[in-house]
Amino acid sequence: MIPLYDDNPRSTFPIVTLALIGVNVLVFLLQQLAPVGSYAFMMVPSVLTGAGPGQISSAQGTFLLPPPGLHPVWLTIFSSMFMHGGLMHIGGNMLYLWIFGDNIEDDLGHFKYLFFYLAVGFVASVAHVVSGPTSTIPTLGASGAIAGVMGGYILLHPRTDVHCLVPFGALSTLMRVPAWIVLGVWFVYQVLLNQLGQQGGGGGVAYAAHIGGFVAGLILIKLFGPKRETARESYWR
C-alpha cells in the first residue's frame with residue numbers, strides 16, 4: 001500500500017511541516033551541488049562510537065568520514081536527518097511527512113511538534129547506532145523522524161481513512177484504509193525487513209532507525225501531550 005492522502009482535517013496551518021519539507025528539499029539540492037562537502041554531515045555509527053572512521057565510495061572517489069574540522073561528530077545525528085540519497089528517497093519521505101505530519105503538528109502545536117520531530121529522530125538515530133555500532137556505512141535520511149510522526153499518528157488517529165494506491169499490476173486500485181492498518185502493516189514490514197537484513201548481512205537501509213523512531217513516537221506523543229483531545233483517541237481505550 002502506498003499512502004497518498006488522508007481524510008483528516010486540521011484547524012491550523014502546518015507551517016512547521018512545510019518548513020521541514022522545505023529544508024529537506026533545500027539540503028538535497030545543496031547535496032547535488034557539493035556532493036563531497038556533504039559527506040561530512042552524514043552520520044556514521046563507527047565514528048560516533050569511536051570504533052573507527054567511516055567510508056564512502058562515489059563517482060568522486062573513496063573518502064574517509066567524517067572530514068576533519070567541520071563540526072562535532074555528534075551533530076551528524078541531526079544533520080543527517082535532513083539529507084537524502086536520491087529523488088525516490090526524498091520523494092517518499094516528504095510524501096509521508098506531509099500526509100501524517102500536518103495533523104500531528106495540529107495536535108501538538110507548532111513548537112512542541114518541532115521538538116517532538118527532532119526527539120523521535122534522535123531516538124531513531126540512536127537505535128540505528130546501537131543496532132550496528134561498528135558499521136562504517138554513512139547514514140542519512142528523515143525516515144526515522146517521520147517514523148516517529150507515524151507512531152504518534154497511529155495512537156491519535158487510528159481510524160482515520162488513508163487513501164492508498166494498492167498495486168496489482170494492471171489492476172492497481174485506490175482504496176480507503178484505516179490508518180491503524182496502513183501504519184501497522186508498515187511497522188511489521190520494517191521489523192521483518194530488519195530481521196532479514198540481520199540474517200543476510202544488512203541491505204543498506206536503516207530499518208532499526210525506522211523501528212526505533214516509530215516506537216519513540218508511540219511513547220513520546222503522550223509525553224508531549226496533544227494540545228487538544230482528539231475524538232479518535234477513544235478508539236484505543
Side-chain angles (χ1 to χ4, degrees), residues 3 6 8 10-12 14-21 23-24 43 45 48 74-83 92-131 139-160 162 178-191 194 205-237:
D6 63 359
N8 203 349
R10 57 178 182 268
S11 61
T12 58
I15 186 171
V16 176
T17 298
L18 288 172
L20 288 171
I21 292 173
V23 171
N24 275 277
M43 185 186 76
L48 288 174
W74 65 266
L75 286 178
T76 59
I77 291 175
F78 295 102
S79 61
S80 62
M81 289 167 53
F82 296 91
M83 304 176 70
N93 275 351
M94 295 305 101
L95 175 62
Y96 274 68
L97 178 56
W98 174 247
I99 294 172
F100 304 111
D102 63 331
N103 295 114
I104 299 303
E105 179 177 355
D106 196 35
D107 294 326
L108 297 181
H110 306 303
F111 293 106
K112 284 204 294 185
Y113 169 67
L114 177 59
F115 285 115
F116 172 80
Y117 181 89
L118 295 175
V120 293
F122 176 83
V123 175
S125 296
V126 170
H128 175 63
V129 172
V130 170
S131 72
T139 306
L140 66 164
S143 308
I146 296 169
V149 170
M150 293 160 63
Y153 194 100
I154 199 174
L155 275 186
L156 297 187
H157 307 283
R159 289 185 290 177
T160 294
V162 180
W180 72 269
I181 294 179
V182 175
L183 300 179
V185 167
W186 179 90
F187 180 72
V188 171
Y189 188 56
Q190 303 307 303
V191 173
N194 183 62
V205 179
Y207 295 115
H210 301 172
I211 297 168
F214 192 91
V215 172
L218 291 172
I219 297 170
L220 293 180
I221 194 67
K222 288 296 185 180
L223 295 179
F224 273 76
K227 68 177 183 180
R228 59 183 176 83
E229 194 77 3
T230 59
R232 295 179 179 87
E233 282 187 282
S234 61
Y235 186 90
W236 298 115
R237 295 174 182 167

For I211 and Q190 the tightest heavy-atom approach is CD1-O, 3.9 Å

For L220 and A119, the nearest pair of non-hydrogen atoms, with its separation, is CD1-CB, 4.0 Å

Taking the side chain as every heavy atom from C-beta outward, state whether N93 and L97 have any pair of such atoms under 4.5 Å apart.
no

Between A124 and A209 the two heavy atoms that sit nearest each other are CB-O, 3.2 Å

Between N24 and A142, the two heavy atoms sitting closest are OD1-CB, 3.9 Å

Query - Whether F100 and Y96 hold their rings parallel, tilted or perpendicular, with breakpoints at 30° and 60° - result: tilted

Here the gap from D102 atom CG to Y113 atom OH, rounded to the nearest 0.5 Å, amounts to 8.0 Å

Whether E105 side chain and T17 backbone form a donor-acceptor pair below 3.5 Å: yes

Between A145 and M81, the two heavy atoms sitting closest are CB-CE, 4.0 Å

I want to check something: taking the side chain as every heavy atom from C-beta on, are M150 and V182 in contact at a cut-off of under 4.5 Å? no

Between P3 and V162 the two heavy atoms that sit nearest each other are CB-CG1, 3.9 Å

Practice item. May I have the step-by-step check of side chain to side chain contact (heavy atoms under 4.5 Å, CB included) for N103 and D6, ending in yes or no? Key: CA-CA 10 Å; N103 295 114; D6 63 359; 3.0 Å; yes

**Under 3.5 Å: donor-acceptor pair, side chain of D106, backbone of S11** = yes

Using 30° and 60° as the class boundaries, would you call the ring planes of F122 and F78 parallel, tilted or perpendicular? parallel

Side chain to side chain contact (heavy atoms under 4.5 Å, CB included) test vs L48 passes for just one of T139, I77, V126, namely I77

Checklist line | Mutual orientation of the aromatic rings belonging to Y153 and H157 [parallel < 30°, tilted 30-60°, perpendicular > 60°] | finding: tilted

Here the gap from M94 atom CE to L20 atom CG, rounded to the nearest 0.5 Å, amounts to 8.0 Å

